[in-house]
Amino acid sequence: MDLSNVMDIAGTALSAQSIRLNTTASNMANADSISSSIDQTYKARHPVFSAIQQAMNNEYGLGGVRVEGIVESQAPARPRYQPDHPMADEQGYVYQPNVNVVEEMANMISASRSYQTNVQVANTAKQLLVRTLQLGQ
C-alpha cells in the first residue's frame with residue numbers, strides 16, 4: 001500500500017463524517033418544530049455506514065467507508081397537549097419530532113472528533129510523502 005491510498009481512505013472517512021454532521025445539524029434544527037399530525041412531523045435521520053474493502057492485489061487491499069443511505073428513526077413522535085395552539089388537532093395535541101437533543105449532541109461531538117482525526121491522518125500522510133520526495137535532494 002502506498003501513501004496515496006491512505007489519502008483516499010481518509011477522504012472517504014471525511015466525506016462520511018461530513019454527511020453525519022449534516023444530518024445531525026438537520027435533526028437539531030428541527031428538534032423544536034411542531035406539526036398538527038404524526039405523519040407530517042419531522043423524523044430524526046441517521047446515516048448508515050459500511051466498510052469498503054477492495055482487493056487491489058493479493059497482498060494489500062483498499063479500504064474506507066461508504067454511506068449506504070440515510071434512514072429515518074422509527075421512534076414515535078412526541079405528542080404534547082396544547083389545545084389553544086393554532087396547529088393543535090381535534091384532540092388538542094401538537095406533535096414534536098422524535099429528536100433527542102442530547103443524543104444528537106453526542107453524535108455531533110463524535111463526528112467532529114472523527115473528522116479531526118482523519119484530517120490529521122491525511123496531513124501526516126502528506127508530510128511523509130513530502131519528506132520521501134526530499135530524500136533524493
Side-chain angles (χ1 to χ4, degrees):
M1 177 185 291
D2 64 35
L3 288 175
S4 64
N5 290 342
V6 173
M7 301 286 257
D8 292 341
I9 294 167
T12 63
L14 289 172
S15 177
Q17 294 305 327
S18 175
I19 290 171
R20 184 176 174 197
L21 280 170
N22 283 333
T23 55
T24 300
S26 177
N27 290 340
M28 291 182 71
N30 288 294
D32 290 329
S33 64
I34 58 170
S35 177
S36 60
S37 74
I38 292 176
D39 296 334
Q40 295 176 347
T41 305
Y42 178 84
K43 294 180 176 90
R45 296 179 173 104
H46 303 284
V48 176
F49 298 155
S50 69
I52 300 171
Q53 190 67 32
Q54 300 171 340
M56 293 296 289
N57 54 38
N58 292 337
E59 194 172 341
Y60 299 109
L62 250 182
V65 65
R66 171 183 347 165
V67 178
E68 292 292 335
I70 297 174
V71 297
E72 287 186 344
S73 171
Q74 298 301 315
R78 295 176 293 151
R80 184 175 67 195
Y81 186 68
Q82 198 170 3
D84 56 341
H85 195 281
M87 293 185 74
D89 64 4
E90 299 85 36
Q91 289 87 27
Y93 286 97
V94 292
Y95 298 93
Q96 292 183 302
N98 56 1
V99 175
N100 182 337
V101 177
V102 174
E103 184 179 305
E104 295 299 328
M105 284 296 293
N107 240 348
M108 182 180 70
I109 291 168
S110 174
S112 175
R113 300 266 190 232
S114 182
Y115 194 91
Q116 290 172 347
T117 301
N118 283 293
V119 167
Q120 279 186 314
V121 167
N123 280 337
T124 301
K126 183 178 106 186
Q127 288 173 351
L128 288 172
L129 282 170
V130 168
R131 290 195 181 168
T132 302
L133 290 173
Q134 289 174 342
L135 286 176
Q137 295 178 350

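- Residues in residues 79-89 take part in these side chain to side chain donor-acceptor pair (under 3.5 Å) pairs, two or more places apart or across chains: Arg80-Gln82, Asp89-Tyr95.
- In plain terms, the two heavy atoms of Thr41 and Ser35 that are nearest each other are OG1-CB, 3.5 Å.
- No more than 12 heavy-atom neighbours from other residues, nucleotides or ligands sit within 6.0 angstrom of CD on Gln74.
- In this structure, the side chains of Leu129 and Leu133 stay at 4.5 Å or more apart for every pair of heavy atoms.
- In this structure, Gln116 places its CD atom where more than 12 heavy-atom neighbours from other residues, nucleotides or ligands lie under 6.0 Å away.
- Nearest approach of Pro47 to Val67, heavy atoms of both residues: CB-CG1, 4.3 Å.
- Taken to the nearest 0.5 Å, the CZ atom of Arg78 stands 8.0 Å off from the CG atom of Asn100.
- Distance check, rounded to the nearest 0.5 Å: CG of Leu21 to OG of Ser26 gives 12.5 Å.
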Fill in: Worked check of side chain to side chain contact (heavy atoms under 4.5 Å, CB included) between His46 and Glu103
CA-CA 12 Å; His46 303 284; Glu103 184 179 305; 4.2 Å; yes
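- Between Ala10 and Asn118 the shortest heavy-atom distance is CB-O, 3.8 Å.
- Counting heavy-atom neighbours within 6.0 Å of Met105 CE, excluding the residue itself, gives a total of 12 or less.
- Both Val6 and Leu128 sit in one connected hydrophobic cluster of ILVMFWY residues. Membership requires side-chain heavy atoms under 4.5 Å apart, directly or through other members.
- With Thr124 contributing its side chain and Gln120 its backbone, the two residues share a donor-acceptor pair below 3.5 Å.
- Annotation for Arg45 and Asn27: closest pair O-ND2, 2.8 Å, computed over non-hydrogen atoms.
- Hydrophobic clustering of Ile, Leu, Val, Met, Phe, Trp and Tyr side chains at less than 4.5 Å, counting indirect connections, keeps Ile38 apart from Val94.
- Within a 6.0 Å radius of CZ in Arg113, other residues, nucleotides and ligands contribute 12 heavy atoms or fewer.
- Residue Val65 comes nearest to Thr12 through the heavy atom pair N-OG1, 3.2 Å, listed as atom of the first residue, atom of the second, then distance.
- Across Pro97 and Ser33, no two heavy atoms sit closer than the pair CD-O, 2.9 Å.
- Following chains of ILVMFWY side-chain contacts shorter than 4.5 Å, one cannot reach Tyr115 starting from Ile19, and the two form parts of different hydrophobic clusters.
- Within 6.0 Å of OH on Tyr42 lie more than 12 heavy atoms contributed by other residues, nucleotides or ligands.
- A 4.5 Å side-chain heavy-atom check between Val101 and Asp32 finds every atom pair outside the cut-off.
- Note that CZ of Arg66 is 5.0 Å distant from CD1 of Ile52, once rounded to the nearest 0.5 Å.
- Atom CZ in Phe49 sits 11.0 Å away from atom CD in Glu68 (nearest 0.5 Å).
- Between the side chains of Arg20 and Gln17, a donor-acceptor pair is found at a separation under 3.5 Å.
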